[in-house]
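When a ligand or atom number is given, it counts from 1 through the structure's own listing order. As a basis for the values below, the full set of heavy atoms in this structure was taken, side chains included, without hydrogen atoms, waters or symmetry mates.
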Amino acid sequence: MADYIMAIDQGTTSTRAIIFDKEGDPRWTSQKEITQHFPEPGWVEHDANEIWLKTLQVIASVMIEAELEPEELDSIGITNQRETTIIWDKETGEPIYHAVVWQSKQTSGIAQQLIKDGHKEMIHKKTGLIVDSYFSATKIKWILDKVEGSRERAEKGELLFGTVDTWLLWKLTGGEVHATDYSNASRTMLYNIYEMQWDRDILKLLDIPEKMLPEVRESSGIFGKTMEAVFKGHRVIIAGMAGDQQAALFGQTAFEKGMVKNTYGTGAFIIMNTGKEPIQSENGLLTTLAYGLDGEITYALEGAIFVAGSAIQWLRDGLRMFREAPKSEKYAMRVAGTDNVYVVPAFTGLGAPHWDQDARGAVFGLTRGTSKEHFVRATLESLAYQTRDVVDAMNEDAGLKTKTMRVDGGASMNEFLMQFQADILDVTIERSKIMETTALGAIYLAGLATGFFKDLDEIKEKWEKAGTYEPHMSEEEREDLYEGWQAAVKATRAFKF
Ligand code: G3P
């Protein structure tokens, strides 16, 4: 009997395999760190073979730890760091260059040129995205420009492109299946999210041969079976795939229009389900595909904040203000406020809704009385303020007023931050009991395709919260504080080297 289901969660910093039971509870996990390569300042690359081999390792070790036979697995759902770009040889399976990671800035010049040449509007209209090096398109062009002869080989059909989901699917199926899902395709800046196809105009503009692109499928469905070598001769079905942030939305069971989730990881990714209709943002948000299920597409608005948890890491490792990240909560709570200190952690520019790649971090309002406590508190508050920037933009675009936001990720455990988040947004914050919402989304998508889970209602009933934070702050105080933040962001953006 197949009583279990496996998620492969291939993130930016690690790869994990997690086995869940029928209740949707994570039972066994295996994790391996991924080496980060920084060949030049601002560049971030991964070794795609390392990603593949570590995926195999975590699959093997979680199966051994769980003492399960492969037949006891219903299926696999894959979720992944999005946008990261891999190009490989169709015959040998050898990547022709490192995986260029979503954070990597080596293609900023290509993105800037596209904007200069006046293509911003056209690309936004077709893909729902802001032209930026963040997405796969400029990374594919860059690799094809860099590796000699690769464009010609791609034209001949000898090379394949994939985001990490596609790469792992292709490897796991022994090269049988070259496919992606809607959520990942919508992050390439090559996929027309209105016509639901690869966009020939953008492909032409960037000189990317269509032949190398994967087939785009629903996020829930039978993608293929693992090759025999992976599970002792047994071929396990791969039945779900979604980019990690969309998978987290699914794992949070935010199936209804207007529902919002925020994952506080290294960065923070806020997504609002906008239902069957795409909403074009007027406020710097991304229109994206949340998932495809049962012949229907669900759209979303997304705001990506580049620095969230990494600001807390900076306090810990860079400024050595404390040894353990959870300590930040204690320091923040020792003072009643920040005494008008604002930290704008624009370490790698500002993401949504500002999209200012040249901005850099700043601190405002220092006095002789400023203490470590104020500093820590102001940094934590910056996560909440950045979230408010995005949620305000979402509400305006969608014509809605968000009442509840579901949260997950490391910093969602920080009680001070969650209460401040509720206060500054004036919404109820709900933290889900299961923190593995990304992996959960992947197994839900897989299990819905195989019948392991019956339907969305069954899944919805499984969602439980572990914490609720209601807003208590007065309107006046909230708006005063937020005005201070807006002034700090404005001043930060005005200061350029
Ligand atoms: O868009 C990038 C995002 O998918 C990365 O997520 O959790 O791997 O840092 P994570």
Which protein residues have a heavy atom closer than 4.0 Å to any atom of ligand 1, listed by chain and number? Gly11, Thr12, Gln81, Arg82, Glu83, Trp102, Tyr134, Asp244, Gln245, Phe269
Please output the side-chain donor-acceptor pairs of residues 50-60 that fall under 3.5 Å, not counting sequence neighbours, one pair per line with the distance.
unit_1	atom_1	unit_2	atom_2	d
Glu50	OE1	Thr35	OG1	3.0
Glu50	OE2	Thr35	N	2.9
Glu50	OE2	Thr35	OG1	2.9
Glu50	OE2	Lys54	NZ	2.7
Lys54	NZ	Glu33	O	2.9
Thr55	OG1	Ile51	O	2.6

Do Arg82's NZ or CZ and the ring of Tyr134 fall within the cation-pi criteria of under 6.0 Å and 45°? no
Report yes if the distance between the aromatic ring centroids of Tyr97 and Trp142 is under 6.0 Å, otherwise no. yes
Would you say the ring centers of His178 and Trp88 fall short of 6.0 Å from each other? yes
Please find out if less than 6.0 Å separates the ring center of Phe420 from that of Tyr385. yes
Run the ring-centre check on Tyr4 versus Trp28 and record whether the distance is less than 6.0 Å. yes
